[in-house]
There are 2 protein chains.
Amino acid sequence: MSALDGLEVRRTTTAQQLADGLSERIMAGAFGPGDRLRESAIAAELGVARNTIREAVRILELTGLVRYEVNRGAVVIAPTPEKIEALYTARERLETAAALRTPRPEQLDAITRAFDELTEAAAEGDTSRIVDRDLAFHQAIVALLDSTRLDEFFTSLTEELRFYLTVLSKSETPEEVVAQHRVILDALLLGDHDRAVAEIRAHVDVSVEQLKQLLG
Amino acid sequence: MSALDGLEVRRTTTAQQLADGLSERIMAGAFGPGDRLRESAIAAELGVARNTIREAVRILELTGLVRYEVNRGAVVIAPTPEKIEALYTARERLETAAALRTPRPEQLDAITRAFDELTEAAAEGDTSRIVDRDLAFHQAIVALLDSTRLDEFFTSLTEELRFYLTVLSKSETPEEVVAQHRVILDALLLGDHDRAVAEIRAHVDVSVEQLKQLLG
DNA sequence: GACGCTCAACTGTAGTACAGTTCAACTGTA
DNA sequence: TACAGTTGAACTGTACTACAGTTGAGCGTC
């Protein structure tokens with residue numbers, strides 16, 4: 001611990017801040033799926049230049065919440081069954097591959113800790129925190145792959161997943177969420193690779209089915 | 001087949017074209033690792049607005065060839081042993097996970113075709129085509145995962161990998177490249193998962209070692 | 001209803017301007 | 001000689017203006 005820990009200057013650009021803000025708004029439903037992000041309108045409303053909004057939206061594109069169409073600008077992604085499946089398939093592939101590896105003790109600790117925090121959040125009934133801890137749990141599983149690049153990739157899926165998890169939270173009780181994750185954790189702790197893989201698959205399948213029903 | 005197959009209009013923006021062009025230049029070594037991409041200079045030289053260059057560079061950032069530093073702009077990534085290892089580890093995780101799956105016939109065909117084209121390219125000694133077919137081979141392996149999102153992710157690694165493969169091509173003969181890929185292909189065709197995984201690991205390890213030596 | 005026309009809204013791109021940051025060169029100082 | 005300022009040029013981040021080209025909705029015509 002240095003005497004300077006935590007001391008930081010505002011090391012970020014306006015565009016980055018705008019991207020973060022817009023991201024939140026989209027998650028919160030301020031823009032519906034398929035809506036266009038009109039640059040001049042946003043620029044005027046927020047009192048920044050259109051340039052800056054364009055940069056912000058380019059950054060947003062990285063998170064996958066928005067995509068560019070030539071001459072139509074940025075459009076909020078619309079969830080389709082195919083897209084949901086594509087997203088969850090990627091997740092399933094990563095997590096099952098991760099579950100096949102033999103975890104180091106500190107990795108298991110991290111997953112356990114994430115699970116405990118998820119349980120806490122569920123007890124409090126704080127939806128946004130549940131979603132947050134849910135994502136952290138899965139991130140910790142992916143971390144078993146020992147690949148920073150894949151960790152980053154999973155992080156880049158996070159915003160999209162957060163959107164869907166928020167949707168799901170409306171049809172699942174916090175207890176159900178905890179239960180689903182507990183079986184995965186147990187299998188991992190026991191070192192039962194096959195069962196871990198099976199549970200992860202089941203978890204993904206259930207989620208996809210529910211999402212399709214809720215959104216389609 | 002429609003009567004309109006192949007008919008297309010120029011559906012791309014200037015920024016996208018610039019990004020492609022810049023990408024090539026970087027690969028070709030026009031900018032060394034760590035070099036800054038100075039916006040005004042590039043804009044002036046290419047006769048476009050700085051705005052447009054900025055957008056192009058944002059797009060470039062997606063490919064990983066360049067990263068933004070606040071108030072310093074875009075910087076060409078410098079290969080370090082850690083980065084090389086991180087990149088190849090991600091590749092290894094994806095490909096070994098893919099090799100564990102049972103391929104459909106058309107997937108095996110695709111891999112075989114990629115290998116044949118690699119062999120052809122090697123016979124001709126055309127380095128840039130060898131690198132291209134090499135990447136296509138690995139992309140075909142990743143495709144075994146049946147995940148479009150992971151396919152896209154691998155594609156996003158492609159530009160970086162192309163850079164390293166080009167470096168490697170200076171120390172490996174085309175025949176060696178072909179031989180390394182043949183053993184992987186054979187294992188996959190035989191359905192010998194364990195051997196495929198082992199060969200992929202070996203291939204990656206050898207590459208990383210050679211790269212470290214060549215660059216470090 | 002299919003087609004063509006018109007028009008307003010908006011994107012893509014250009015160009016200019018300027019404040020703030022970075023960095024290297026220079027200067028002073030102990 | 002080592003090191004703390006100071007300065008200034010180069011460059012980024014952001015704003016603003018302008019305009020050609022594209023899109024899509026509205027409207028009339030057949």
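Here is the naming used below: chain letters follow the sequence lines, and residue numbers restart at 1 for every chain.
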Spacing of A:Tyr68 atom OH relative to C:dC10 atom P, expressed in whole Å:
15 Å
Would A:Thr63 and A:Glu160 count as having a side-chain donor-acceptor pair, cut-off 3.5 Å?
no
CD of B:Glu69 versus P of D:dC11: gap in Å, rounded?
16 Å
Less than 4.0 Å between a side-chain N and a carboxylate O, is that true for A:Glu95 and A:Arg91?
yes
Calculate the interatomic distance between A:Leu46 atom CG and D:dT14 atom P; express it in whole Å.
14 Å
To the side chain of A:Glu39, which of D:dA15, D:dT12, C:dT11 is closest?
C:dT11
Strictly below 4.0 Å: does B:Thr52 bring a side-chain N or O up to OP1 or OP2 of C:dT13?
no
Proximity of B:Phe137 and B:His181 rings by center, below 6.0 Å
yes
Side-chain N or O of B:Thr13 less than 4.0 angstrom from OP1 or OP2 on C:dT11?
no
Heavy atoms under 4.0 Å, any strand shown: does A:Ala41 hit a base, just sugar-phosphate, or nothing?
nothing
Could you check which nucleotide pairs with C:dT29 in any of the strands shown, counting Watson-Crick or G-U wobble with both distances under 3.5 Å?
D:dA2
Quick one: label B:Leu18 by what it contacts on the DNA or RNA (base, sugar-phosphate, nothing), any heavy atom closer than 4.0 Å.
nothing
Pairing partner (Watson-Crick or G-U wobble, both distances under 3.5 angstrom) of D:dT23:
C:dA8
Taking NZ, NE, NH1 and NH2 as the nitrogens, is one of them in A:Arg101 or A:Asp146 under 4.0 Å from a carboxylate oxygen of the other?
yes
Identify which nucleotide among C:dA14, D:dA15, C:dC10 has an atom closest to any side-chain atom of A:Arg36, counting heavy atoms from C-beta outward.
C:dC10
Near DNA chain D, counting only heavy atoms under 4.0 Å, which residues of residues 71-79 of chain A show up?
A:Asn71, A:Arg72
Do the non-hydrogen side-chain atoms of A:Val66 and A:Ile77 ever get within less than 4.5 Å of each other?
no
5'-most contact on DNA chain C (nearest-nucleotide basis), A:Asn51 vs A:Ser40, goes to A:Ser40
We want to know whether A:Gln139 and A:Thr155 form a side-chain donor-acceptor pair, criterion being a heavy-atom distance below 3.5 angstrom.
yes
Would you state whether a donor and an acceptor, one from the side chain of B:Arg50 and one from the base of D:dT14, lie under 3.5 Å apart?
yes
D:dT12 P sits how many Å from B:Glu61 CD, rounded?
14 Å
Separation of C:dC10 C1' from A:Asp35 CG (nearest whole Å):
15 Å
A:Ile53 CD1 to C:dC10 P: how many Å, rounded?
14 Å
Taking A:Gly21's backbone N and O only, do any of them form a donor-acceptor pair with A:Glu24's side chain (distance below 3.5 Å, no angle check)?
no
Rounding to an integer number of Å, can you tell me how far A:Arg38 CZ sits from D:dG24 P?
13 Å
